[in-house]
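The structure appears right after this line, and notes come after that.
Since the structure is predicted, the reported quantities are computational estimates derived from the model, not experimental observations. In what follows, every heavy atom counts, from backbone to side chain, and hydrogens, waters and symmetry copies are set aside. Order of the sequence lines fixes the chain letters, A, B, ..., with proteins taken first and strands second; residue numbering starts at 1 for each chain.
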Amino acid sequence: MDFQLTDEQRALKSGMRELLEARFDRDALRAAVERPALDRALWRALGEAGFFALRLPEREGGVGLGLPEAALLFEEAGRALLPGPLVATHLAARDVPGAASGETVVTRVDGGLVAWLDEADLVQGDARDATSMRSLDPLTPLHRIHAPHADALPEAVLLTAAEQLGSAACTTELAVQHARQRAQFGRPVGSFQAVKHLCADMLVRTEVARAAVYAAAVTGDRDEIAGAKLLADEAAVRCARDCLQVHGGMGFTWEADVHLHLKRAWVRAEQWQSAEQAAEALAAAL
Amino acid sequence: MDFQLTDEQRALKSGMRELLEARFDRDALRAAVERPALDRALWRALGEAGFFALRLPEREGGVGLGLPEAALLFEEAGRALLPGPLVATHLAARDVPGAASGETVVTRVDGGLVAWLDEADLVQGDARDATSMRSLDPLTPLHRIHAPHADALPEAVLLTAAEQLGSAACTTELAVQHARQRAQFGRPVGSFQAVKHLCADMLVRTEVARAAVYAAAVTGDRDEIAGAKLLADEAAVRCARDCLQVHGGMGFTWEADVHLHLKRAWVRAEQWQSAEQAAEALAAAL
Amino acid sequence: MDLTYTEEEEAFRAGLRDWLALALPELPPRPVPSDWPGRRAYDTTWQRMLYDAGYAGLHWPEAAGGRGATPTQHLIFLEEAEKAGAPYVGANFVGLLHAGPTIAAEGTPEQRARWLPPVLRGDEIWCQGFSEPDAGSDLAALRTRAVRDGDDYVVTGSKIWTSHAEVADWCELLVRTEPISESVPKHRGITWLAMPMDAPGITVRPLRTLAGSAEFAEVFLDEVRVPVTYRVGAENDGWRVTMVTLSFERGTAFVGEVVACRRTLAELAAAARANGRWDDDGLRRQLGRLNAEFTALWRLTQWNVSESGREGGVPGVGGSVFKLRYSHARQELYDTAARVLGPDALDLDRDWTLDRLSSLSYTIAAGTSQIQRNIVAERILGLPKGR
Amino acid sequence: MDLTYTEEEEAFRAGLRDWLALALPELPPRPVPSDWPGRRAYDTTWQRMLYDAGYAGLHWPEAAGGRGATPTQHLIFLEEAEKAGAPYVGANFVGLLHAGPTIAAEGTPEQRARWLPPVLRGDEIWCQGFSEPDAGSDLAALRTRAVRDGDDYVVTGSKIWTSHAEVADWCELLVRTEPISESVPKHRGITWLAMPMDAPGITVRPLRTLAGSAEFAEVFLDEVRVPVTYRVGAENDGWRVTMVTLSFERGTAFVGEVVACRRTLAELAAAARANGRWDDDGLRRQLGRLNAEFTALWRLTQWNVSESGREGGVPGVGGSVFKLRYSHARQELYDTAARVLGPDALDLDRDWTLDRLSSLSYTIAAGTSQIQRNIVAERILGLPKGR
């Protein structure tokens, strides 16, 4: 038992972070917010980097890695607020030609929702009765499907939880940065216990979610994945809200990134397995 | 509309506080904790002061006051942790001879529980299958009744909520006192924001419960009473817990009164109308 | 403890209801949020209708042209107006609720005569220039400078979170007339000015919030000349001048909102009954709990209003208790709405989605919850200042 | 990230399981909580059994007479022992987990030879004299004085929250050997002493907790003579000496408890299914949520244990993250138990009622949650000290 990242896993994760910093910097993010279209070149770059083919065997042109490694990459994607139907395309890498390379953008009907329907090249599931909605999240165009909710795909649930984890880690860092730099009453706001303790609770939520997500990725256990989603949803939503509180008025502006994390976290919390569905599954497992 | 205590109401309330300070001081409280028997002389003194006959018309030998005044007295009883089946005896003042004067101690079967069964002179309701239990609250001997839960008596619910309010107000004061006096790291712990904010939240909880309890006493509305009970239960339990947290280790001792408030608050939260029953009633009223 | 209304209060309520029933159909259609001139026209039209009917400045003292109504009458007014679906103060907010009362309390007779009647008639509207990018919770750290030059102050700096700046006639402005130093603590050296919004040197830049709209603006001031005669109160006494008015609302600040929240809660229950979510025990009880919560907040409002009608009350502090709980309850209400809606809560065109976003500001704006807790702990509970 | 155990680890687990299956039936019946001599005998018997089987001091370095096991083996040991229903350290707590490791790290060869073997064999037990009535969160403010007199320290003062004081042979004692002054900050001037509990001048008074039992005592010291040779580390260096050991548990402090909580949770679910409360959607989902919570806490334990096995880890700080969450989760668990039980939760003879009471100490003991948040914020997040 050594429940720590291997050197290879660390390298993979930091490689993904560097790729995103280079190809999806803050200007690109804010441009995507104002014009939510998929950056196809970035998508192909992700494909080249193995983001979609990560778990395909090497003999099928894949990278031959597993769910833990995929979780690390999706954590980075979540941290960077990378838009697009990343989970659906990743899951389709084996079956849909071009998905692995990032040529084909795949989305998937997920119970009551389908994301990026207009931009995707292919939709999995029955989206005939999809009706467009004005999405709360500027980075995720949504359609509403009035179909019964399908069974959660464990891998989709887990990778979404990993994105939530990345978002929670990011808003925690944003809050801490702000608390260090912003001065009021002649000192950094982070020196006030009220702010300090908000930040401490953010870290605790994030690290508990991290342990849950990483472990669920390693075991692949359906119940453990449900637990990881539940805790990562909570962490992403609550950390974004606390981050907003720490930022005060500045956090309430469109210019601050915190609302993008909160809205995205709200969307992901509804995707693949909601908190209530996860809690029911976890209760049944007791 | 003048939703403030009248001068008469203030006088009544402070009179009750003085009576309890004189007849049920801290020594009496701690003696009652170690030997949970009813103080019959105190009970008669309460009767003389009109505690039980408060709402009987004057022509029946009562005080001729209403539910709001009763709520104020029960708030004081809750603050002082006065033991005994106060609510049941108060409600029986009209129908049970000697109840109004404090000669007869009356208890009442309340859904799954009956308090003070062995000490009471009279029990209302069917207590035949009552089984004794070792009560969590040293100030409230309990029996368990395995009967279906009867409908909540609104007046019993309200007066119990008033006791919870008194307890919440008391633990808030205890916490503030401790925070002012206890020094750690060279200054009063109440100067640390973390402690300060705990205390502020305690006051908020108490004052919201106060508004709810007083208003429900004035209107006598069944739903409003349910709401008052729900909020007063929350206030009493959470303020006792926060009071314990503010006290640190000292709050964890048997010698500190805070545990008496917490245990009593837990008991009262189960009495007459639980939080879940109240919430259901309040939902149905929407 | 009396929750019934007196005959006079009931008569006031009846007269108001009758008038609202007649007046509201006369109002033009509500403009879209982005149409600032339309919003100004709509809000001032409504203010003029109130004025003509004798309801303008209900809670203002009679000497200031108001009706000198009791806090209870004001409560009734706000309750009935909200229930009837009447507009709230809108663009008249600062004029009616802050700048006007400040001038009424601290202005000269000439200043009162110049500025108060147009506010009551809906002829002029005011905006507020208090917060600055580096002076939020710590408002007294404000740095916008005013330098005396003959009969004018010359003002340079910037303000943020200013509503209605695009269409306001006047701005109640806090400026620093004495730099902070060893001998001048930050609360000294602040002066209150009425700045005409058409003065040269003012630039207004809309500030988009996370709800996507631009309800606020930043106001940049580059050597704006404000006549000394537009100063209310003494030079360097602006902090006290401003604080005098903060207790003016006497507990009524959120009356309309609490009434509206109770209506929203009833709508939520109806929606849950309609879409089947009502069968969820946990969600149903949460709706029940919110019923208790908002009923209590309504009663706490009545409590605060009653207390403010007495002498010696400290309504500003009772307001902190209320605001702490209310801001949290409001967020809980809209989070519960999202549970009722499920995936539809992600649709900006559904009811409650934008309200959910705007509810996020309640624990921040007008004093964060952290600041409010300090106020409660130090001013009510007497806990020591310090850390 | 590997959650499977190596062959060696599995072999260790298998051997342990076999031994536990044979050893546990040999144990005498568990004494009642108020029987201190019985508890001492029971706990030391168990320790002797562990010693004879080679499991004593599993995580102690071999130089100190331990087995020098890896953190993972220690984790496995604690997990399996709890699952098998074996006793936890009990009266051996301070000796095995604090005083012993402190002596192992900081003691002289003679001190190690004198004190360590009896701890491992269960011949001697230790208690802890750190906290004082006025030095709780602020432990370094302790005031119990030790004055050098020839070859002895003469110690006067009082200690609180001392477990097993009635039956301990030794007390690890922190005393002040240098008064706090301008030039001596409070963390200096503290010295670590081993005090024989049979020395004249020691009075032990049981301290009743809110759970009704006397798990702790107050210890009053009136000119107690402690030989200088019983000092571990240098005079005035006791704070550092004490802190060295705090990281010694390497993330394993709550292993048994987390295992036990998961078992309790399963029992709660069974109880709810039996009494019909399972049909309550809200309560059932809460049980599900706690399943996620304690599974994650188990994984976090494995994470911390793995990290402590690497160099450069800061297990004490990772412990703060864990403790903040765990203490809250434990309280939530027993509050949920009360919801499952309904009125039966008021019965002291029912399962979980005393556990619910004792869970209240978790956010206070061994560093309040407020102190833990300071640690996390300042040491992990790098936020500034101050207010």
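- Here the closest heavy-atom approach between residue B/Trp116 and residue B/Pro36 is recorded as CZ3-O, 3.7 Å.
- Comparing D/Lys186, D/Gln331, D/Gln370 by heavy-atom pairs within less than 4.5 Å of chain B, the highest count is held by D/Gln370.
- Between chain D and the residues B/Arg134, B/Met133, B/Glu276, the largest count of heavy-atom pairs under 4.5 Å involves B/Arg134.
- Taking D/Ser369, D/Ala365, D/Gly342, D/Ala141 one by one and counting their heavy-atom pairs under 4.5 Å with chain B, the maximum is reached by D/Gly342.
- Between chain B and the residues D/Leu360, D/Asn374, D/Thr368, D/Asp280, the largest count of heavy-atom pairs under 4.5 Å involves D/Leu360.
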Verify side-chain hydrogen bond (donor to acceptor under 3.5 Å, both in side chains) between B/His261 and B/Thr171, making sure each step is shown before the conclusion. CA-CA 7 Å; B/His261 280 281; B/Thr171 51; 5.6 Å; no

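- Pairing each heavy atom of D/Leu354 with each of D/Ala211, the nearest pair is CD2-O, 3.8 Å.
- Minimum heavy-atom separation, B/Val237 to B/Leu262: O-CD1, 3.9 Å.
- The contact between B/Leu142 and chain D is made entirely by side chain atoms (from C-beta outward), counting heavy-atom distances below 4.5 Å.
- Proximity to chain B is limited to the side chain of D/Leu207, based on heavy atoms less than 4.5 angstrom apart.
- Contacts of D/Asp344 with chain B are made by both backbone and side-chain atoms, with heavy-atom separations under 4.5 Å.
- Between B/Ala130 and B/Val114, the closest heavy-atom pair is CB-CG1, 4.5 Å.
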Could you give me the CA-CA distance, side-chain angles and deciding distance for D/Arg330 and D/Cys261, then say whether side-chain contact (heavy atoms from CB on, under 4.5 Å) is met? CA-CA 8 Å; D/Arg330 191 177 172 94; D/Cys261 283; 3.6 Å; yes

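- Interface remark: B/Leu260 contributes no atoms to any contact with chain D (heavy atom separation under 4.5 Å).
- For B/Asp110 and B/Arg108, the salt-bridge test fails: no basic side-chain N is under 4.0 Å from an acidic carboxylate O.
- Looking at D/Leu283, neither its backbone nor its side chain comes within 4.5 Å of chain B, counting heavy atoms on both sides.
- Neither the backbone nor the side chain of D/Arg373 comes within less than 4.5 Å of any heavy atom of chain B.
- Proximity to chain B is limited to the backbone of D/Ala345, based on heavy atoms less than 4.5 angstrom apart.
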Before you tell me yes or no, could you show the steps for D/Lys159 and D/Leu142 under side-chain contact (heavy atoms from CB on, under 4.5 Å), namely the whole-Å CA-CA distance, both residues' side-chain angles and the distance that decides it to 0.1 Å? CA-CA 9 Å; D/Lys159 294 290 179 178; D/Leu142 61 90; 4.3 Å; yes

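- When heavy atoms are compared at a cutoff of 4.5 Å, D/Ala135 approaches chain B solely by way of its backbone atoms N, CA, C and O.
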